[in-house]
Amino acid sequence: MVVRKKKQKKVEQGGGILPFEGDAWTYAILKRNSYLFVSFAVGKRTKETCKKMMKTFAHRVRLPTPSEPLEIYSDGNDDYTTTFLEYYPKRCLKYGQLIKIKKKGRLVEKLKRTVFGDVDHKDIETTDIENFNGILRGRNGRLVRKTKCYSKEKPKLERSIELLQFYWNLMWELKDKKTPAMLENLVNRRWLWDDFFKFRLSIVN
């Protein structure tokens, strides 16, 4: 697993009169190798937003054991460190952080550190989620920086990411013409938009 947060287009703090306006970050979890977009949360850069993402994640991922621990790699945000322990025992986690040191906007050093478990530092990488952040911006206009199309309200941003999450996991073909959900054996074929609308209707009815 890889965990990382992504900055949304900045809105002036306090500029909106509604509680869902203002600065927002998108926290996201991506499964390494299959690229399954597991969960996300939109909100302030706080532990509460991190917990919201992890609550969804914990409902969707098997309970790890000491013999089969959950492997997680992220940047140096310490909110992850405390939040993970609220959902999983430390003995069931392998968690490493990649901390990038920048000077004048240029990367000068990458520091890798073990937080929990027996982690091989060669495995501590965030390349997949960083690439996926670019994919999210490229396919969701509400995440594009320095344009007028960025989201003005949090609920609308959340709905747009949920739609992209469905499309990415169930419809976008990656390896051997398989979607991330197929690579994870969650479905046996690529879904179509017709499947999406029928699925929604089945919930409503």
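Ring geometry, Phe84 versus Tyr80: the interplanar angle falls under 30°, so the pair is classed parallel (tilted spans 30 to 60°). Tyr88 and Phe57 have perpendicular rings, their planes meeting at more than 60° on a 0 to 90° scale where under 30° would count as parallel.
Pairing each heavy atom of Thr81 with each of Leu85, the nearest pair is O-CG, 3.6 Å. Heavy-atom minimum distance, Pro69 versus Lys94: CG-CD, 3.5 Å.
When hydrophobic clusters are built by joining Ile, Leu, Val, Met, Phe, Trp and Tyr residues whose side-chain heavy atoms come closer than 4.5 Å, directly or via intermediates, Phe197 is not grouped with Leu192. Both Tyr87 and Leu63 belong to a single network of hydrophobic side chains, linked directly or stepwise wherever heavy atoms of I, L, V, M, F, W or Y lie under 4.5 Å apart. Note on Leu111: it does not cluster hydrophobically with Leu107, by side-chain heavy-atom contacts below 4.5 Å among ILVMFWY residues.
For the pair Trp193/Met171, a side-chain contact is recorded, criterion being any heavy-atom separation below 4.5 Å from C-beta on. Within the 4.5 Å cutoff, the side chain of Glu68 has heavy atoms near those of the Thr65 side chain. Side chains of Asp195 and Arg189 form a contact here, defined as non-hydrogen atoms less than 4.5 Å apart. Side chains of Asn131 and Tyr35 form a contact here, defined as non-hydrogen atoms less than 4.5 Å apart. Using a 4.5 Å heavy-atom threshold, the side chains of Ile161 and Phe37 count as touching. With a 4.5 Å cut-off on side-chain heavy atoms, Ser160 and Leu157 count as touching. Taking the side chain as every heavy atom from C-beta outward, Thr179 and Trp191 never approach each other to under 4.5 Å. Counting heavy atoms from C-beta outward, Glu86 and Met54 have side chains that stay 4.5 Å or more apart.
In this structure a side-chain-to-backbone donor-acceptor pair under 3.5 Å is missing from Thr83 to Lys51. Put simply, the side chain of Lys31 never gets that close to the backbone of Pro180: no donor and acceptor are under 3.5 Å apart. When atom types are taken as modelled, the side chain of Asn169 and the backbone of Ala181 share no donor-acceptor pair closer than 3.5 angstrom. For Glu158 (side chain) and Ala41 (main-chain N/O), no donor-acceptor pair under 3.5 Å exists by modelled atom type. Side-chain N or O atoms of Arg45 include none that pairs as donor or acceptor with a backbone N or O of Trp25 at under 3.5 Å. Between the side chain of Lys154 and the main chain of Val42, a donor-acceptor pair closer than 3.5 Å is present.
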For residues 114-123, which side-chain donor-acceptor pairs fall under 3.5 Å, sequence neighbours excluded?
from, atom 1, to, atom 2, distance (Å)
Thr114, OG1, His121, NE2, 3.1
Asp120, OD1, Lys122, N, 3.0

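Here the options are Lys110, Arg32, Lys100, the test is salt bridge (Lys or Arg N to Asp or Glu O under 4.0 Å), and the partner is Glu125; only Lys110 passes.
Between atom NZ of residue Lys52 and atom OG1 of residue Thr46 there is a gap of 10.5 Å, rounded to the nearest 0.5 Å. A distance of 12.0 Å separates NZ of Lys178 from OG of Ser34, quoted to the nearest 0.5 Å. Rounding to the nearest 0.5 Å places CD1 of Ile29 at 6.5 Å from CD1 of Ile72. Remark: Gln165 CD to Asn140 CG distance equals 12.0 Å, nearest 0.5 Å. One distance of note links CG of Leu36 with CG of Leu30; it measures 7.5 Å at 0.5 Å rounding. Annotation: the span from Asp128 atom CG to Ile135 atom CD1 amounts to 9.5 Å, rounded to 0.5 Å.
Taking the six-membered ring wherever Trp is involved, the centroid distance between the rings of Trp168 and Phe132 falls below 6.0 Å.
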Before you tell me yes or no, could you show the steps for Tyr95 and Lys90 under side-chain contact (heavy atoms from CB on, under 4.5 Å), namely the whole-Å CA-CA distance, both residues' side-chain angles and the distance that decides it to 0.1 Å? CA-CA 9 Å; Tyr95 175 38; Lys90 185 186 296 187; over 6 Å; no
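The 12-atom threshold is not exceeded at CZ of Arg106, counting heavy atoms of other residues, nucleotides or ligands nearer than 6.0 Å. Within 6.0 Å of CZ on Arg91 lie no more than 12 heavy atoms contributed by other residues, nucleotides or ligands.
In summary, Asp78 and Arg113 engage in a salt bridge, as defined by a charged side-chain N under 4.0 Å from a carboxylate O.
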